Amino acid sequence: MQKYLNEVSFQLDRHITLITPTAPIQPATHGGRAKCLQRLVRLKLPVPRTVALSFDTVKAIALGRIPDTKVLLSVFDADALVCVRPSSEDPDWGGPTTMLNIGMNDAACARLSETLGAGAARALYRRWVQTYAVHVARLDPDAFEEIDEDAPDALEQSLRAYEDEAEEPFPQDPATQLSEVLRSMARSWESVSARLLREAKGAPVDAGLGLAVQEMALGLGRGESGSGVLQLVDPETGLPQVTGRYLSQSQGRDALEAGKKALFLTTDPRGPSLQERAPEAFAELLEHAALMRQRLRAEMQVEFTIENGRLFILDGIVVPASNAAAIRIAVRLSEDAIITPQEAVMRVKPRMLSALLHPQVDPGATRDVIGAGIAASPGAATGRIVFSATDAQASAAREEPCILVRRETAPEDVRGMHAAVAVLTERGGMTSHAAVIGRGMGRPCVVGASKMRFQPQRKQIVAADGRVFKEGDIITVDGTAGEVLAGAPKMQAARLDDAFRTLLKWADAERDLRIRVNADTVEDAQTARDFAAGGIGLCRTEHMFFEPGRLTVMQEMIFAATPEDRRAALAQLLPIQRADFKELFAIMAGKPVCIRLFDPPLHEFLPTDRAGLRDLAEALNLPVSDVTRRVEAMGEYNPMLGLRGVRLGITVPEIYAMQARAIFEATLEASREGDDPVVPEIMIPLVSARREVEIVRARIEQEASAVRTERGRDFTYRLGVMVETPRACLIAGDIAPHVDFLSFGTNDLTQMTYGLSRDDAGRFMNDYVQQGVFEEDPFHRLDQNGVGELLRIGLERARAANPDVIISICGEHGGNPESIHFCRTLGMDYASCSPFRVPVARLAAAQAAIQDKIERS
Ligand code: PEP
Ligand code: MG
């Protein structure tokens, strides 16, 4: 019996071709599996003869134009059974289930009874009748499942059931069977559910399906026979280890479902192994697997069959590996000189790194989803529900993990967010307060979960299906998927290992875009240093005022009746800020630190509820009515477009003066202790007019001169502007000559370009993305056509006016891989992103550089 491929050439046409080393087969015409089989054939591996059907052929089959299957079958041994496997362009896109044992009929059963024994042959036939009935003829499965497979007449019962249900006898002609199998597989690819499924995995609308018709190696026989899969690595860790399954007297992927009945692969004291049962076939298998790794340049899972001690390789797929394993595999392949370090860098998807930086819900865990929103900060955590920052702190004090649930968060919640293991909000979008702070702290966070009802007064949340979760109930926030789960599913710990570091070292050698971090606190800066950020690109100084003691002084400053009172309050804040900056300079050890002057509207620091107003009245020694009136008077209809950013700097100049002084004094103190003088960067937010820059610059320069005189020492600093209003982009040419650097604040810029509130977008963003109005949340991935055009205009005009100006991005998009590619293409000098996104940004920037090199070569 000849099953190996030799140089028989068979080509019905260009679309239906025997897989030979030279046949015209490409992933784009015949699919990834067909191409892989051709590679195995070229390696002279024992692959059973296979005919590949192209996408066009399969499309025609779905429309009823079936090729001549008699001619097709003539390529195989006359008595052979065949199987049909799907071959989509990308194996990830899936496809219909493989069909085995086509051609099994009365005659084949009689023939196989001689070699396998009647029992095995009849069992094989019965199984095929059932598979054909359910998956090809689409008969009622119940009619077959009720048949006891161990009954002596199980086969006859199945054939009768087929005839009853189909109103015709089971087809005996192998060509007819094959035609029907091809038709059913082709049609199932066209079904709506299959299309939706593959589109969700990134397949294009018109993705094609190829089919591979392969002669069967049965896996059944009197000598050692069976089937299995083998790989040379542990798919969980990526470390070298022979893993897989083998089951005697089995076919297809039976071994994977066999549980304890499966044999060990290598010799094992716990039980029988393939190595002992069929040592020669096993040795040959290992050799083939190693060759596949070497020549296919990937860790491959080998699907094999043994028939009476003889080995056949049926297929190979890239090992489905965990994120940690995928990274280790890429690094090891490169260390073994099979792929280059650049290829290793290109093979790891940035989101894989991100998944490793945080604990995640185990992919195999059961997920009881009770709500969904925007995946604002990755990772997952389980805890008891609390509804206030105070309760979160109390819970943390009891060492009880808690989830902070709020309608939305405000500065006064920051301590609660610190104390909680995750945050869930009803409102908000990718750049709302909870999202930005959550990402900064590395806390999993879901925002804009608007389909759940939040009832903080009643201390409960209600899921869309009506289930009620009360304070103290355990839930899980999955900030990677943007979902809220009931209970505590199994989790996977964060894993940063040597392979992760090696890969990033290789990435750093390739990238030409610098990566900085958005860090406001000592912890952020520390995290960023551990992730090798090239400096701080954005320190949002307002976040430094949220600490309890500081908040009160801040509130005193806001409530100051006269400039003198204000200066007095600011005098208390000055040493605190100075110490903050000094610490940041020390942690960043000579790396640049860009400090943004105060940005938010002042009322954000004021309480909103009665208890808070009373506390404030007590702290300020004022009547509550007075405090309430003043707080109300400060309210704005649209505070994001109100008195904030540089507008505060112009109208309440004492705040910026204090901050500038704190920066300069910290600069001198930090420089005294180190060798290299610190050169701080000061950034002015929300600029929309050149005059704003001129005024603030003059005042900062005045403060610098005063400090120089008082301390009798010189220092330098760099001044920059945050370009985050559309007008600032348009007049960037006017602004650039007055500054050393410009940094695009794409959060506000996106908000203003779309006219879309960052805090309210979460309410409808999911609907917008689902209905295809937006391809993606523009607060998550930079809108290259609109916002991107403003960046381009701003950058070109700024560079034309001041070629030395340093240009960067510091909005949240600075951590998004696609947006990083775009910023690099525009020619920016660096991107700055939240601490836990720094490794992802380093990898994405390297991939952009490598891709560019490949395209140019
Ligand atoms: C921005 O607007 O892009 C930005 C980085 O600043 P913030 O998010 O603090 O407004
Ligand atoms: Mg901003």
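Here the structure is a predicted model, which means the values were calculated and not measured. Counting convention: from 1, in listed order, for ligands and their atoms alike.
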### Message
With the threshold set at under 4.0 angstrom, would you say Glu812 reaches ligand 1 through any of its heavy atoms?
### Response
no
### Query
Has Asp599 got an N, O or S atom lying less than 2.8 Å from the Mg ion (ligand 2)?
no
### Task
Indicate yes or no: does Lys451 engage Asp767 in a salt bridge with an N to O separation below 4.0 Å.
yes
## Note on the structure
Near Asn747 (heavy-atom distance under 4.0 Å), the atoms of ligand 1 are 1 (C), 2 (O), 3 (O), 4 (C), 5 (C), 8 (O)
### Query
So, are Arg550 and Asp580 salt-bridged, with charged N and O less than 4.0 Å apart?
yes
#### Entry: Under-4.0 Å salt bridge between Arg427 and Asp759
no
## Note on the structure
Between Arg516 and the options Ser743, Cys810, Ser832, the side chain to side chain contact (heavy atoms under 4.5 Å, CB included) test singles out Ser832
### Query
Charged N to carboxylate O below 4.0 Å: is that the case for Asp829 and Arg799?
yes
## Note on the structure
Which of Phe764, Tyr768, Phe779 passes ring-ring contact (aromatic ring centres under 6.0 Å, His included) with Phe774? Answer is Tyr768
### Message
I'd like to know whether Phe741 forms a ring pair (Phe, Tyr, Trp, His ring centres under 6.0 Å) with Tyr830, so could you lay out the CA-CA distance, the side-chain angles of the two residues, the decisive distance to 0.1 Å, and finally the verdict.
### Response
CA-CA 11 Å; Phe741 65 91; Tyr830 70 86; 8.1 Å; no
### Query
What part of Thr746 sits under 4.0 Å from ligand 1 if we count only heavy atoms: the side chain, the backbone, both or neither?
backbone
## Note on the structure
If we number the atoms of ligand 1 from 1 as shown, the ones under 4.0 Å from a heavy atom of Arg540 are 4 (C), 5 (C), 6 (O), 7 (P), 8 (O), 9 (O)
### Task
Quick one: do Phe531 and Phe836 satisfy ring pair (Phe, Tyr, Trp, His ring centres under 6.0 Å)? Show the steps, please.
CA-CA 8 Å; Phe531 290 149; Phe836 283 90; 5.8 Å; yes
### Task
Select one of side chain, backbone, both or neither to describe which atoms of Leu538 lie under 4.0 Å from any atom of ligand 1, heavy atoms only.
side chain
### Query
In terms of atom number and element, which parts of ligand 1 are under 4.0 angstrom from non-hydrogen atoms of Met722?
1 (C), 4 (C), 5 (C), 6 (O)
### Query
Shortest non-hydrogen contact from Arg540 to Val436?
NH1-CG1, 3.5 Å
### Query
Should Gly745 be counted as touching ligand 1, given the test is an N or O pair under 3.5 Å?
yes
### Message
Given the Mg ion (ligand 2) as the apex, I'd like the angle to OD2 of Asp748 and OE1 of Glu724, rounded to 10 degrees.
### Response
90°
### Query
Can you list the ligand 1 atoms lying under 4.0 Å from a non-hydrogen atom of Cys810?
5 (C)
#### Entry: Which segment of Arg758 sits under 4.0 Å of ligand 1 when only heavy atoms are counted
side chain
### Query
What protein heavy atom is closest to atom 6 (O) of ligand 1, reported as residue, atom name and distance in Å?
Arg596 NH1, 3.0 Å
### Message
Looking only at distances, can you tell me whether any N or O atom of Glu724, backbone or side chain, sits closer than 3.5 Å to an N or O atom of ligand 1?
### Response
yes
